[in-house]
Amino acid sequence: MIAAGCDVGSLSAKAVLLEDGEIIATHVIFARPDPAESAEEVMGLCLEKAGLGFDSIDYCVATGYGRNQIPFAKEKASEIACHGKGAQTILPSVRMVIDIGGQDAKAIRLDDKGNVTRYVYNDKCASGTGRFLEIMAGAMGIAVSEMGEISTHAVNPVTISNQCVVFAETEIISLINEGRELPDIISGLHRAMAHRVASLAKGIELEDDITMTGGVAKNTGMYSSLEEALGRPLKQVTSDPQTIGALGAAMFAHDALTGKTNNIQTIIPLRATAHKTCAFDMAQS
Ligand code: ADP
């Protein structure tokens, strides 16, 4: 039985294929402007890796910002539910997931059965998202994938005073002009962003077993800065952290094929903010 999960996000599209509940292929691409096109391409390439065609998929669950436009999906689920499900599939003891993607950051608390008990997320402001890091990398003329390694050479990390992406970019350019070293600037950026995300997570109370998912978890500098800001170690997912949402979606598809009922329809993402424009403001107030 082939179950598929497809996660079309703001910056990347991810696909995971399971055969009888075991991962047989995963794939990640940069997202295209049209979510349906992204989904077709990423799933097509994932199927190719597994030596299968679209007609082999018995059930597909879609998630991510583009989840409503995935033509071959039979069902959709929120990213909150999928990141929780995917993380607990790999690390059953995990009770909190911090997912930082391209345009939002989320903290999700889970019970021992993988049900989402509380969550908070910010999608109102770029600070604290992968996009923030991409813009800063662009200002420094490096690739976002280099930031983690470069930050390991930091000697005297800078303090970034601006939260807003627009002002922070100007601040970075000033720091470069002042002659500050790139590793110190990048390390300062990681610390500032980790502090904001940790504040968001602390708003729903930290659990002991926490993992980090989403593309930003590939940034080793952000990973260790988040551990520092949370004051506790993170449990590392053994597979690509960027594909955990798609894995959760594939697990929901597997459950549907095996007759296991779950609560994916009832979990509707809600924004953490009721009256403020930025969730980080709320978490810090
Ligand atoms: P979305 O689901 O919103 O498309 P992702 O979970 O794919 O977002 O995360 C995208 C972010 O992940 C990028 O903005 C970037 O900051 C980060 N990222 C992606 N790949 C890497 C990498 N190889 N190294 C470091 N960071 C990465």
Side-chain angles (χ1 to χ4, degrees), residues 5-16 26-39 41-43 46 62-70 76-84 86-87 97-108 121-140 142-152 165 168-169 172 182-183 186-187 189-190 192-194 196-197 211-226 234 236-237 239-250 269:
C6 193
D7 175 4
V8 178
S10 56
L11 293 170
S12 69
K14 288 77 69 178
V16 170
T26 68
H27 201 74
V28 181
I29 61 165
F30 286 111
R32 296 179 174 281
D34 176 8
E37 219 178 286
S38 295
E41 183 179 339
V42 74
M43 190 56 77
C46 196
T63 189
Y65 280 82
R67 64 180 176 267
N68 293 321
Q69 288 152 70
I70 300 181
K76 60 192 174 196
S78 78
E79 286 172 86
I80 309 271
C82 289
H83 277 271
V97 179
I98 297 179
D99 163 44
I100 314 179
Q103 72 180 31
D104 65 13
K106 316 177 190 73
I108 306 155
Y121 76 105
N122 162 58
D123 68 350
K124 284 282 189 193
C125 165
S127 71
T129 70
R131 187 74 191 118
F132 176 85
L133 292 175
E134 289 194 24
I135 292 166
M136 298 308 142
M140 290 180 282
I142 57 165
V144 74
S145 57
E146 296 176 290
M147 292 180 90
E149 202 281 323
I150 297 174
S151 69
T152 60
V165 65
E169 191 180 9
I172 297 304
L182 277 196
I186 297 169
S187 181
L189 277 169
H190 288 159
M193 184 165 147
R196 289 196 283 277
V197 177
T211 193
M212 183 182 178
T213 64
V216 175
K218 287 174 150 175
N219 178 335
T220 50
M222 257 310 293
Y223 193 93
S224 50
S225 294
L226 187 59
L234 292 166
Q236 198 157 7
V237 285
S239 55
D240 181 351
Q242 204 169 9
T243 60
I244 295 297
L247 172 63

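Throughout, residue positions are numbered sequentially from 1 according to the sequence presented. First listed ligand is number 1; within each ligand, the first listed atom is number 1.
Counting protein heavy atoms only, atom 10 (C) of ligand 1 is closest to G102 N, 3.7 Å. Summary of contacts: the protein heavy atom closest to atom 23 (N) of ligand 1 is S145 CB, 3.7 Å. Distance from atom 14 (O) of ligand 1 to its nearest protein heavy atom, with residue and atom name: E134 OE2, 2.6 Å. In terms of protein heavy atoms, atom 2 (O) of ligand 1 is closest to K14 NZ, 2.7 Å. Ranking protein heavy atoms by distance to atom 20 (N) of ligand 1, first place goes to K218 CD, 3.9 Å. Closest to atom 11 (C) of ligand 1, if we only count protein heavy atoms, is V216 CG2, 4.0 Å. The protein atom (non-hydrogen) at minimum distance from atom 26 (N) of ligand 1 is G215 O, 3.7 Å. When hydrogens are left out, the protein atom nearest atom 16 (O) of ligand 1 is G130 O, 3.2 Å; that is the closest non-hydrogen contact.
For ligand 1, the atoms sitting less than 4.0 Å from at least one non-hydrogen atom of Q242 are 5 (P), 7 (O), 19 (C), numbered in the order shown with element in parentheses. The ligand atoms of ligand 1 that sit less than 4.0 angstrom from a heavy atom of G214 are 6 (O). Atoms of ligand 1 found under 4.0 Å from any heavy atom of R131, numbered from 1 in the order shown, are 14 (O). Applying the 4.0 Å criterion to heavy atoms of G9 picks out, from ligand 1, the atoms 1 (P), 2 (O), 4 (O). Atom numbering of ligand 1 starts at 1 in the shown order; those under 4.0 Å from a heavy atom of V144 are 16 (O), 25 (C).
At a threshold of 4.5 Å between non-hydrogen side-chain atoms, the residues M222 and M147 do not count as touching. A 4.5 Å side-chain heavy-atom check between F132 and L189 finds at least one atom pair inside the cut-off. Here the side chains of N122 and R196 are not in contact, with every heavy-atom distance at 4.5 Å or above. The shortest distance between side-chain heavy atoms of E149 and E146 does not fall below 4.5 Å.
Not a single N or O atom of N219, backbone or side chain, sits closer than 3.5 Å to an N or O atom of ligand 1.
Residues K14 and Q242 bring no donor and acceptor atom of their side chains to less than 3.5 Å of each other.
Counting only distance, with no hydrogens or angles, the side chain of S38 and the backbone of R32 share a donor-acceptor pair below 3.5 Å. For the pair T243 (side chain) and A246 (backbone), a donor-acceptor distance under 3.5 Å is absent.
Across all their heavy atoms, P241 and K218 have their closest contact at CG-CG, 4.1 Å.
Heavy atoms of S10 approach ligand 1 to within less than 4.0 angstrom.
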CA sep, side-chain torsions, deciding dist, call: I186, I142, side-chain contact (heavy atoms from CB on, under 4.5 Å): CA-CA 11 Å; I186 297 169; I142 57 165; 3.6 Å; yes
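With values rounded to the nearest 0.5 angstrom, L234 atom CG is found 9.5 Å from S224 atom OG.
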